[in-house]
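Each chain gets a letter, A, B and so on, in the order the sequences are listed, and its residues count up from 1.
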Amino acid sequence: MPEQPKVGVYLCHCGTNIAGVIDIKKLLAYVETLPNVAVARDYTYMCSDPGQQLIRKDIHEYKLNRVVVAACSPALHEPTFRKILQEEGVSPYFFEMANVREQDSWVHMKNPEEALEIAKDTVRMSVARTAKLEQLEPKQVKVGKRALIIGGGISGISASLDLANAGFTVHLVEKSPTIGGRMAQLDKTFPTMDCSSCILTPKMVSVSRHPNIKLYTYAEVKDVQGFIGNFKVKVLQKPKYVDEKKCTVCAECVKVCPVEVPDEFNANLSWRKAIYIPFPQAVPPSYVLDEENCLGLTPLACGKCKEACEPDAMNYDDAPKEIELDVDTIIVATGYDPYDPSSDQEYNYGFFQNVVTSLEMERMLNASGPTSGKVLRPSDLKEPQRVVYVQCVGSRNERTNLYCSRVCCMYAVKQARQLKEKHPEMEVRIFYIDIRAFGKGFEEFYEKAARDYGVLFTRGRVAEILEDPKNRNLVVRAEDTLLGSPLELETDLVVLSVGITPTVEADEIHKILKIPTGPDGFFSEAHPKLRPVDTVIDGVLIAGTAAGPKDIPDAVAQAKAAASGAVSLMAPGVYTVEPYYALVDDTICGGCGTCVLLCPYQAISMENKRAKINEALCKGCGVCASACPAGAIKPNHFTDEQVISQIEQAIAK
Amino acid sequence: MRAVSQPKLKLAIGLGATCSGCDMAIVDLAEKLTDVFKAVDVVFWPTASDQKLEELERLPDGSVDVCFYHGSIANEENKEIAELLRKKAKTMIAFGACACHGGIPGLANLTTTKELFATVYKETPSTENPDFKQPSIDTTVSGYSLHLPEKFDTVQCLHSCVNVDYFLPGCPPEVPLVEKAIEAITTGKLPEKGATLAPNRILCDECPRERQEKKISKIFRIHQTIPDQEKCFLDQGIICSGPSTRMGCGAKCIAANMPCRGCMGPTSKALDQGAKMIASLGSILGLEGEESMSEDQVKQLVDQIKDPLGTFYMFTLPSSILKRRNMTQK
Amino acid sequence: MQETKVIKIDPITRLEGHGKIHILLNKSGNVDEAYFQVVELRGFEKFCQGRLVEEMPNITTRICGVCPWNHHLASAKATDAVYKVDPPEAAKKIRELGYCAFFIHDHAIHFYALGGPDFIVGPGASPQERNIAGVLKKVGAEVGSTVLRALKYAHEIEEMVGGRAIHPVFAIPGGVSKPLSDSDCTKIHEMGKFLLDFSKFTVNTFEKTVLQTKRNFDLLKDDMYRLKTFYMGTVDAKGKMNLYDGDLRVIDPEGKTFAQFKPSDYLKHVSEHVEPWTYLKFPFLKNVGWNGLVEGRNSGVYRVGPLARFNVADGISTPLAQAAYEQMFATLKRPAHETLAYHWARVIETLYASERLLELVQDPEVKSSKIRTIPTATPEEGVGAVEAPRGTLIHHYKTDPDGIVQGVNLIVATTHNHAGICMSVKKAAQGLIKRGKVDDEILNMVEMAVRAYDPCLACATHTLPGQMPLEVNIYNSEKKLIKRMRRL
Amino acid sequence: MTEMADRFEPQILGFLCNWCSYAGADLAGTSRTQYSPNIRIIRVMCSGRVDPTFVLLALKNGADGVLIAGCHPPSDCHYLTGNLKARRRYHLLLKLLDQLGIERQRVRLEWISASEGEKFARVVNEFTEQIRALGPNPLKAS
């Protein structure tokens, strides 16, 4: 039998935020009349120390066993007040927050009478609910020191190194044959202009050398089961047909390989062989034979590379490996894909040779790139005299993506500067909507580009690009929105500043790990402000561009945040799960099997004709409870009785 | 069995608006359980023997140990009798689906006496009633006034009319349940008041069919398919109320290869059997490929269920949350 | 005392269903008028609208828990017609097999528990005696156990075939849900043999207690229990009595065939009249017309049930029953108008049902697994009729193309007999109540006129039943109640 | 103000999922978007938690309208697919309401994300007017 509820109700003025609209005196007078209310008070700021003291004092003085605070949204201060109860020896789950700010005083500012009525109803509902609240015991699960990091780009690399250095075991899984990710493709990085690979390569090497890091390249996560402290991961590693240990990177195989295919690392501006190394600094430093393009993996078909290989590193019998890993936490750093502008007719990308993407330009600018650093226009391989940048391709546009990709402005400015450095006489013009230079040193960098380098900036969206069939020169039509006049100018080369989009693989991971994505397809954080690297799945964190567009420093910062997040989960050795899981009443359940497949986390199983819920897997959504035709399932803290108690009080009689 | 020395237990069997199937069930019981009946003394059972109402009225209040009341409360007379029996009986047991939940006749709560008269005394094709004569509460014939008890617009289950101590569900209640109940009564081993004298699990528990984890894409009506006798009806796309229905009936309909329609009513944890069926079917129907389903596809999907109310509330409309159809709607 | 009295018999006991009887006495204390009232109404016709038609066999059983089988089967036959399907022979035979067991059960209960006591124990015996207990005392306890055993067997067969004995579930559009296994049939066969013996015994008991007991036999033939009406019942292709299927035949009070038609044409022949003082309608022969509660050729009043079936049929297809049938009509002129002879025909039907059950269970076809025809046609409209223990039962449904019920019409046995019952009550009352003298025996003898029909008001009212308590109110000329006797 | 007095003010009960719609309602607050004061809010973890039983109870208790709000289908749901279950139940529930003689317009399902404070306000305003036009819940009397 639950003891008679003694409820303390606390009305927060929140300065004038609440009290400015709602007549607290009247509200207080009303609240005092509610059943089970032992004491009711009001205070300017309940969340402040003195405010909290009121509650602490009353808990003992009035032997309170339930507390209601009428203030802001529970999303903000529920944890704060729960802590108070816990410290004063009352179960924190006997707390209820009445949201009279976000959902009352702030939305009915011109209607104080109604606002007061709503406050009365809301508090009445909360008080009624507290009577039905139950003592809940948070669950503890053991957590070890093993992390899985998905994605070997700069985010994955940084997170791996931080965790490894802190003494945790890291399994780093990368889908391509080498780590390094998108950053490895970049020439220089804004605003510091330091060479991308110069800062990246050392980190890649230390990953490969680190005793605590187990690296799986050319590999993908296929399945994850279990929960924090007990994830079972299946990784599938594709065959490279080259023994990494034996390969000396002598390149003899490449000489003899008869197959040539576009080199994706160079944005398809150059060719590579079927056997190749993505780029010289690749880690692991080894060739890989891609089977789609190889003539046949057997001496009969070709076998030239095998003959050519001195150290006998070739192994045509190599096969896919399925690797099983047990890990305690997971960091998702699957990165991004550059936006593909082929579908935007106005730019004629793919039709007009001299319309290129910023990534193609980046590769051209790179000394070890396809043009060894020369900027050439694809149609005639001549150096362009006039270059036009088109901003926000695939960003800030309802037809493509609404969000801002955050890096395009700066990399465009950076590339423009590089062009001017190489060819001061070149005319470089950037068509922009507005230049977003918010980062450290960005504004200066942009200023300098315009002032000292003479990069031209024209405000306006490019409406269409036409081509002169004879000389393949391009005509850019746009509106100068500053002058408000249409403008049309001829140019030799157009660079599309393409945005950042989630990778194709991200969708797989979304399904495997059951972490939600936002409308834009990037992974959603548990709380946009307070938990930016956590996901709703305990023990799964996100880092880098997988969580949304960002530049390198932000990606690294977030990676480090994720790493420390993972540390704080693993270091204590145990993890406390919110007791918001659902329970099956064994005396009711008849094992109809309705609930099992409804659970998004496979937390429900059938054990001798009864449903059984794995508390660690359950996230407490309550879908099974509402669906249970027997009424046998009870989701903690949102039980039928609790919700019904609110329903019954909701309508003022 | 109880000691012979004890005084026989005084049992009354009362009834309201009933099909008398419950009476028949008790007759069967008498056939099967003569020794159980030795322990009780049926002081009052109009269906089976002659008794004067006065005899019942004359009995001191609370002098009847137990009353099995079957049938629902559909008119003023039912109400009087129920109230009288409640006075006389120490323990009042709602016996059968009608008394417990309203039963199939409770579907009359979809209509009103007015509508019902129009159909029965006018619209039915064999009725010859040009000037729409209809039964009236008081009629004067050759100088004498004949009275008809007024039919209520809303059929009630027993506990919405008098205080009920125990519920014995089923249409009609199956022998083993009644036997247990009488056993409990005679040995004074009744649970706490308000309890239902049947297991609180759902039918699936005693259903012998093999089950899978539930997902349905197409609904079949019973006449449209020949169900596999070994497999769960729902797994075959045939609506079965078993998952929302209390066990204890012995799953006889299932054994006859017919799905459950819920005559035992819901468990103690389910407030509204129909709502629960909607929640569960709504969840498992179209589960596969739900992500790629358009609003219209969802509508088509649920449109396969033609009569949710009649199917999911076949026996429990009067005890459901809304109890009846709202007639004020224009 | 020369006061005008109203005697209200309310309610009548040992009946299924709910009704009242009012007897109005004139100044001289003789019966002036008598009214038989059915006081409840459930309105299945209304609330079945909107239901899935294939659920009707399950829904309509709840019209009556005493005779759920006839509703279940009439309904199933109606849904067959709605879906335009012809169930496989096996299915029809399985349906009829279960139906026979039900008939034995229902008739036996009536004879031993409800109707029989009047003869066996005697109409004058005290109410406490006038019940099954009293009957068993008279005929002997060992008979009692035989009766209970017979009821138990019948019940078991019903359950084997129908899934449940009370409110069976097996009949669906196009057939039945479950086939019969060899072992089922063996068991049924064994029990069937016992039931046949039991039926023979019952017929003998009837002969001993009624026919060979002068007082009872005189009563049976007494004019106050006679009613000259039309009769309706089902006959097979050979004109023999059939309980599950066939044509409806109507004979006139002289015994000449007045009409014979398919149940689906019932609307051409039967209409229902409404009176404001009862919830129950009065069916009558459309082609004769409603001329009030009067006997004879010019009154559309007709009767159904065991006696009616015997009167309309050219005979019975099973030997023992046929013999008993011939013996009955050797004793009573055909058509027999003696209302109490309903009891006689009833016990003979028990014999027929047992014989027919044995025929069916030995028919290899009942073991066939081909028991379903899946409907393919668009559902529209259909009529299904069977002979219920108490007489002809008609279910008539209309649906939309989805098979959702749009209209329902039900005419059940006791409704067909409604006029007959009213008239029988009046006639008996007139014969029994003289100069205002009313006692329990007299009242019970009035009830006997009603009980002969074994009226099932549960059915009749489709309509909330409950049995008929009996209330006798005697009013003085100012209509003041001066005496009340009431049974519940 | 005075002629407002006799205007019918619908009482609406809203079941909002914790992650999208409740947060959306909070956002309406933080951005000070004003809307009709006719809704009372119950927070549930997921729109898939909303048992049709709750809706019937709300109507029985006199709510003139019931709003169920969750994350946008198909994939915004914090629990991946709870919103899809809610949607199927909702459409089935509407069929039941028809049979129970309750105007289906009294129960409304909406998808409101954490960033759609404006939409939440708009939905509450629309719904309030819709119910106002419909009149009071007929079950209120009983």
Side-chain angles (χ1 to χ4, degrees), chain B residues 107 109-112 153-154 215-216 219 239 244 266 269-313 317 320-330, chain D residues 46-64 66 68 71-77 79-107 109-111 133-142:
Chain B
L107 288 173
N109 290 357
L110 290 174
T111 171
T112 59
D153 267 336
T154 301
K215 54 171 195 280
I216 307 177
I219 299 281
I239 293 176
S244 67
K269 291 292 183 72
L271 260 179
D272 188 291
Q273 194 172 11
K276 271 303 179 186
M277 282 303 286
I278 285 186
S280 56
L281 267 183
S283 307
I284 58 179
L285 180 59
L287 185 58
E288 244 170 345
E290 58 183 349
E291 292 90 345
S292 54
M293 209 172 281
S294 74
E295 198 82 0
D296 287 344
Q297 287 168 310
V298 170
K299 288 196 188 111
Q300 289 166 11
L301 194 72
V302 302
D303 272 340
Q304 293 182 88
I305 299 170
K306 298 289 177 195
D307 177 23
L309 189 142
T311 312
F312 304 151
Y313 289 101
L317 186 56
S320 68
I321 290 172
L322 296 189
K323 292 193 163 46
R324 64 161 295 113
R325 176 182 171 90
N326 160 49
M327 309 302 296
T328 65
Q329 190 189 16
K330 46 220 95 55
Chain D
C46 178
S47 54
R49 170 63 182 108
V50 179
D51 187 326
T53 309
F54 298 164
V55 179
L56 296 180
L57 276 171
L59 292 166
K60 161 127 184 138
N61 280 278
D64 301 300
V66 179
I68 305 166
C71 312
H72 285 269
S75 63
D76 282 18
C77 178
Y79 303 102
L80 301 165
T81 56
N83 53 349
L84 304 177
K85 318 276 188 290
R87 180 171 67 179
R88 294 200 296 278
R89 295 169 182 168
Y90 169 73
H91 284 292
L92 196 44
L93 180 61
L94 292 185
K95 288 170 72 77
L96 179 72
L97 292 179
D98 294 346
Q99 291 184 294
L100 284 169
I102 309 284
E103 304 89 343
R104 45 165 68 197
Q105 303 91 306
R106 293 193 184 275
V107 181
L109 178 66
E110 284 285 350
W111 309 125
L134 210 54
N137 172 350
L139 307 174
K140 246 180 190 150
S142 60

Sub-4.5 Å side-chain heavy-atom contact between [X] and [Y]:
{"X": "B:K276", "Y": "D:D51", "answer": "yes"}
{"X": "B:L301", "Y": "D:H91", "answer": "no"}
{"X": "D:L92", "Y": "B:L285", "answer": "no"}
{"X": "D:K95", "Y": "B:D307", "answer": "no"}

> Is the number of heavy atoms from other residues, nucleotides or ligands under 6.0 Å of B:E288 CD greater than 12?
Replying inline: no
Could you tell me which non-hydrogen atom of [X] sits nearest to which non-hydrogen atom of [Y], and how far apart they are?
{"X": "B:I321", "Y": "D:K60", "result": "O-CD, 3.1 Å"}
{"X": "D:P52", "Y": "B:A275", "result": "CG-O, 3.7 Å"}
{"X": "B:L309", "Y": "D:Q99", "result": "N-OE1, 2.7 Å"}
{"X": "B:N326", "Y": "D:G101", "result": "ND2-O, 2.8 Å"}
{"X": "D:D98", "Y": "B:R325", "result": "O-NH1, 3.2 Å"}
{"X": "B:E290", "Y": "D:R87", "result": "O-NH2, 4.1 Å"}

> When only pairs under 4.5 Å are counted, which of B:L322, B:D272, B:L271 shares the most heavy-atom pairs with chain D?
Replying inline: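 Counting heavy-atom pairs under 4.5 Å, the top option is B:L322.
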> Which of the residues B:S280, B:G282, B:G274 is involved in the greatest number of heavy-atom pairs with chain D at under 4.5 angstrom?
Replying inline: B:G282
> What's the spacing between B:K323 NZ and D:L139 CG if we round to 0.5 Å?
Replying inline: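 Reported to 0.5 Å precision, the distance equals 11.5 Å.
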> When rounded to the nearest 0.5 angstrom, what is the spacing between CG in B:L317 and CG in D:L100?
Replying inline: 7.0 Å
> So which part of B:I278 gets closer than 4.5 Å to some heavy atom of chain D, the side chain, the backbone, both or neither?
Replying inline: both
> Given D:Y90 and B:V298, is the side chain to side chain contact (heavy atoms under 4.5 Å, CB included) satisfied, shown in steps?
Replying inline: CA-CA 10 Å; D:Y90 169 73; B:V298 170; over 6 Å; no
